[in-house]
Amino acid sequence: MTKRGASFPRNSKLSLRGIEKSFRQDGSSLAVLLDVTLFARPGEFVSILGPSGCGKSTLFNVVAGLVQRDGGIISIDNREVQSGLGNVAYMQQKDLLFPWRTLLQNVFLGPEISGGVHEEIQSEALELMTRVGLRGFEGNYPAELSMGMRQRAALVRTLLFHKDILLLDEPFGALDAMIRSVMQHLLLELWMDYRQTILLVTHDVEEALILSDRIYVLTARPATIKGEISVDIPRPRKVTDLSFVDLKRALLDMLQGEIERVFA
Amino acid sequence: MIKRMIYPGILLALFILFWELMVRQLEVPHYILPAPTRILRTLTLQQSVLLHHTLVTLEEIIVGFLLAFVVGVSLSFLMFQFPVLEQTFYPIVIGSQTIPVFAIAPLLVLWFGYGLPSKVVMAALIVFFPIVVNTLDGLKGADSDAVNLLRILRANRWQILWKVRVPSALPFIFSGCRIGISVSTIGAIIGEWVGSKEGLGYLMLHANAQLQISLIFASLIYLTILGVSLFYLIVLMERWVMPWKRFSEAR
């Protein structure tokens, strides 16, 4: 376990140094991100764990380029960038499928904008739809399907953005426990094939442990990195494994003080 | 659909029966209140006259509606894209609604004559407002997360407009159209009352002068059928343009 300020690896896919952001609110300023410094190696699955309302989504909005940051450096492939705009795919708790498009039309959104839906994309889309169990539903509208199915379609759409960095903002937060676990396995399976760099924001300790290579714990607002944990348990992981339980305890200890601060 | 028509149908039938009996019982003169059977006779005898005037009114409504639609939707898009235009036009559009179209109808006849154009303008003026307000609301109402999703993909503003804002505005545009088509008859009829040589409004005025009250009622029936048909035409188009909507409504 290392504290923040640890040195960065020589090659990181995505790195954030000293990200700061505060919002103006009725004349006063609300600091949301105080100093967030973290990195992800190429193909690494990194989770960011933090109490609710600690600014995790703001962090993603900053990285994605939707919100201007006040300070700090974002680098992609060791090169400083304005933001991740155009370089990252983003998926939220809301599936954000367009109700006026069929599932297939929805997953084509990325290719449509970046250059066109050619044959290769079509066969890839159909293959992915099959893998997530949506074969036969290509022509259906989102409103006809369950939440779980819609979120699977959103996952396919995110993959078809063809970005090698995925920002997943509590993507399974709205699903019930059983479907969430199915989705987690699906995500792992697809990630093992595609090997994108994934940054996952969650407040679910078990989800972070099942999925990630490394986990950062954020403090309560204003957010800084409280600590970092490497999860060296071979996949597939079981929540009942002793090493799993140990790490879970360590993470919960780390989070405990922060949760108390939120409710203080 | 048919099931829902049963009760109002029964009520209407009873009302017409009551009407018929009262007129006969009290011997009301037909130039005050004609019996339903007399109206029915007028409907069959004057069929071709009624049809001719209905088609005239229909043309005024359709042309007026289309004019309002094209101008209204375009103005909304421009106002949405350029806030300066919204700041300029929106207060005027709202303010103009305080002037009743009826009040300026004589002027419109003066400027556009007794023929089609003055009625078209009248109908368009009345249809314009609900279409503009609803379209603008719809364009603004798009889910900001959906817009952001496209921004992350580096979509340009036209792609965002076309792929997110327009489809999410469609239900609003159609509700504007539904309100618009319902009030469009008012514009056309008022226009015909103020000055015209044809149309259902003209026919009613003409019949009134000659104490052919049953012809007024017959015209009203044609006007009602016209209005309801146009309304359902919009509803059908809505279903055709937005096939996804019936699923959303089921939820």
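Chain A is the first sequence line, chain B the second, and so forth, proteins listed ahead of strands; every chain is numbered from 1.
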Item to check | A:W191, CH2 atom: more than 12 neighbouring heavy atoms under 6.0 Å | outcome: yes

_What I'd like to find out is whether the side chain of A:F98 reaches to under 4.5 Å of the side chain of B:S168, using heavy atoms alone._
no

### Message
Just so I know, are the side chains of B:L149 and A:L109 near enough to count as touching, which here means a heavy-atom distance under 4.5 Å?
### Response
yes

Checklist entry - Would the number of heavy atoms belonging to other residues, nucleotides or ligands and lying under 6.0 Å from OH of B:Y232 be above 12? => result no

Item to complete: Please indicate whether B:F69 has more than 12 foreign heavy atoms, meaning atoms of other residues, nucleotides or ligands, lying under 6.0 Å from its CZ.
Response: no

Closest non-hydrogen contact found for B:L153 with A:I113 is O-CG2, 3.7 Å

- Query: Would the number of heavy atoms belonging to other residues, nucleotides or ligands and lying under 6.0 Å from CZ of A:F23 be above 12?
  - Reply: yes

Closest heavy-atom pair, A:E112 versus B:Q159, reported as atoms and distance to 0.1 Å, is O-NE2, 4.5 Å

Output for pair (B:M242 CE, A:Y141 OH), nearest 0.5 Å, gives 11.5 Å

The reported gap from CG in A:L66 to CG in B:D145 (rounded to nearest 0.5 angstrom) is 9.0 Å

For B:F80, is the CZ atom crowded, meaning more than 12 foreign heavy atoms sit under 6.0 Å from it? yes

Interatomic distance, CH2@B:W244 vs CD@A:E144, rounded to 0.5 Å, equals 13.0 Å

**Q.** Over 12 foreign heavy atoms within 6.0 Å of CZ, B:R165
**A.** yes

Here the gap from A:L85 atom CG to B:R154 atom CZ, rounded to the nearest 0.5 Å, amounts to 4.5 Å

Output for pair (A:N87 CG, B:I152 CD1), nearest 0.5 Å, gives 12.0 Å

Does CZ belonging to B:R239 count more than 12 external heavy atoms closer than 6.0 Å? no

So CG of A:L96 and CG of B:N148: to nearest 0.5 Å the spacing works out to 9.0 Å

The interface call for B:D143 against chain A, heavy-atom contacts under 4.5 Å, is side chain

